[in-house]
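Atoms considered below: every heavy atom in the structure, side chains included; atoms not considered: hydrogens, waters and symmetry mates.
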Amino acid sequence: MNGPSPSSRVTLATEELSRWYGQVIGVNDVTVSITPGVTGLLGLNGAGKSTLFKVMAGQLTPSKGVVRVLGHDLFRHRGLFRRIGFVAEADALYESMTGREMLVYLTRLQGFSRAEARRRADAALERTHLSDDADRTVRGYSKGMRQKIKLAQALAHDPEVFFLDEPFNGMDPVSRREAMELVVRLGEEGKTVLVSSHILHEVEAMTSRILLMHRGRILAEGDIGEIRDAVERHPHRIEIRCDQPRALAPRFIEMEEVQGVRVESEKILLVESDLPREVFRRLPHLALDASLGIHSWTTLDDDLKSLFEYLVEDGR
């Protein structure tokens, strides 16, 4: 997992950013600061993720607020656009060109010579595992290959900031893994990568830094564990596998930090606590009691799905 970057330099920021369409608000007063590395953007369909990406990447002008890329107002310094790589959720490809021709053409539009554009296109095709299909017409590409060529065009001009909107849709499992590994490497190279995905475990595999979006607003941001710890109304559920759950239960009932204990089965005890670290601190000592036969323990709701559900519930 790619954790927080050691760099504290803010490369991407918004200030009171909003975008509306008549009476419909797509992005509502979003203020965030993002540093190099991978950051995941999570939200249900219609949360405003794609609109936020388009405004931050310069494809839509904000109705209110500012987007800053590398410290500068994006819409006052148009040269910053060449330092951005964008993979949109929707396709807009040159169907009659081959993949290589399309990449060379788009890279030349960035101001590179034909030879340099060809070199960069070939390098991007290799990084996205599309070299073998580079000379096929884009019209004949599968959904997964179309996603790869979109990733390749975002890479070819070597930008510093990436917006990847659902970049893994339509990819087979092998291509998904390769693309996720590429995203992690970009973060390790010092790039700033903002990636959205509706598959939560994919985001967890790439980064622990997240933005949670709901109805155009950012519900929470930061490290997954820190955000989860802040949701105090929803105690952690800890599942303990042991030989004697009924004998173990009283040990937890007497703990001040435990809110509930339930015997789930002949081998499982469920403990609810708003201070799980204290429970985890005591568990090794209890495990030394051979009569209890403790085999393992795990937290059931420290995943992004539970976290998101809790925050949406709190935000209503």
Side-chain angles (χ1 to χ4, degrees), residues 1-8 35-42 173 176-177 180-181 183-185 187-188 195 197-212 219-315:
M1 182 181 291
N2 184 39
S5 167
S7 171
S8 60
T35 56
V38 181
T39 299
L41 178 65
L42 298 171
R176 278 179 179 270
R177 188 189 71 248
M180 289 167 62
E181 290 173 350
V183 170
V184 172
R185 285 197 300 273
E188 292 171 345
V195 56
S197 174
H198 66 283
I199 301 177
L200 303 182
H201 72 82
E202 290 185 344
V203 174
E204 288 183 291
M206 292 182 289
T207 184
S208 63
R209 292 190 294 169
I210 57 171
L211 301 173
L212 291 176
L219 283 182
E221 61 178 301
D223 180 86
I224 295 170
E226 294 172 355
I227 294 172
R228 180 60 184 85
D229 288 346
V231 187
E232 297 178 354
R233 290 201 322 113
H234 304 277
H236 285 254
R237 296 173 300 155
I238 302 167
E239 182 183 271
I240 303 170
R241 294 185 175 271
C242 61
D243 294 333
Q244 302 291 335
R246 296 185 187 279
L248 180 60
R251 306 288 188 96
F252 289 102
I253 291 173
E254 64 188 23
M255 295 182 188
E256 183 178 348
E257 56 271 10
V258 171
Q259 283 71 54
V261 178
R262 184 169 69 248
V263 175
E264 291 284 279
S265 70
E266 294 182 357
K267 297 290 184 181
I268 297 177
L269 182 71
L270 189 66
V271 176
E272 293 187 349
S273 172
D274 58 2
L275 291 172
R277 288 187 177 88
E278 183 63 21
V279 175
F280 288 135
R281 186 183 68 81
R282 298 193 187 196
L283 272 168
H285 176 73
L286 292 172
L288 294 175
D289 188 337
S291 66
L292 300 173
I294 295 177
H295 302 294
S296 64
W297 54 82
T298 184
T299 178
L300 296 181
D301 56 354
D302 204 20
D303 58 86
L304 287 178
K305 181 178 181 182
S306 298
L307 173 60
F308 184 74
E309 290 173 350
Y310 291 159
L311 286 166
V312 169
E313 180 181 330
D314 287 345

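- Comment: Arg281 engages Glu278 in a salt bridge, judged by a side-chain N to carboxylate O separation of less than 4.0 angstrom.
- Between Phe252 and Leu269, the closest side-chain pair of non-hydrogen atoms falls below 4.5 Å.
- Shown here for Met206 and Val38, the closest heavy-atom pair between the two residues is O-CB, 4.2 Å.
- Remark: side-chain polar atoms of Thr207 are not paired, donor with acceptor, to backbone N or O of Gly40 under 3.5 angstrom.
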Identify every side-chain donor-acceptor pair in residues 238-251 under 3.5 Å, counting partners at least two apart or on other chains, and give the distances.
unit_1	atom_1	unit_2	atom_2	d
Asp243	OD1	Lys267	NZ	3.3
Asp243	OD1	His295	NE2	2.8
Arg251	NH2	Asp289	OD2	2.9

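- Across all non-hydrogen atoms, the minimal contact from Glu202 to Met180 is O-CE, 3.6 Å.
- A distance of 13.0 Å separates CD1 of Ile253 from CD of Gln259, quoted to the nearest 0.5 Å.
- With sequence neighbours excluded, the residues that form a side-chain hydrogen bond (donor to acceptor under 3.5 Å, both in side chains) with Arg262 are Glu264.
- Of all heavy-atom pairs spanning Pro284 and Trp297, the tightest one is N-CH2, 4.1 Å.
- Using a 4.5 Å heavy-atom threshold, the side chains of Glu188 and Arg185 count as touching.
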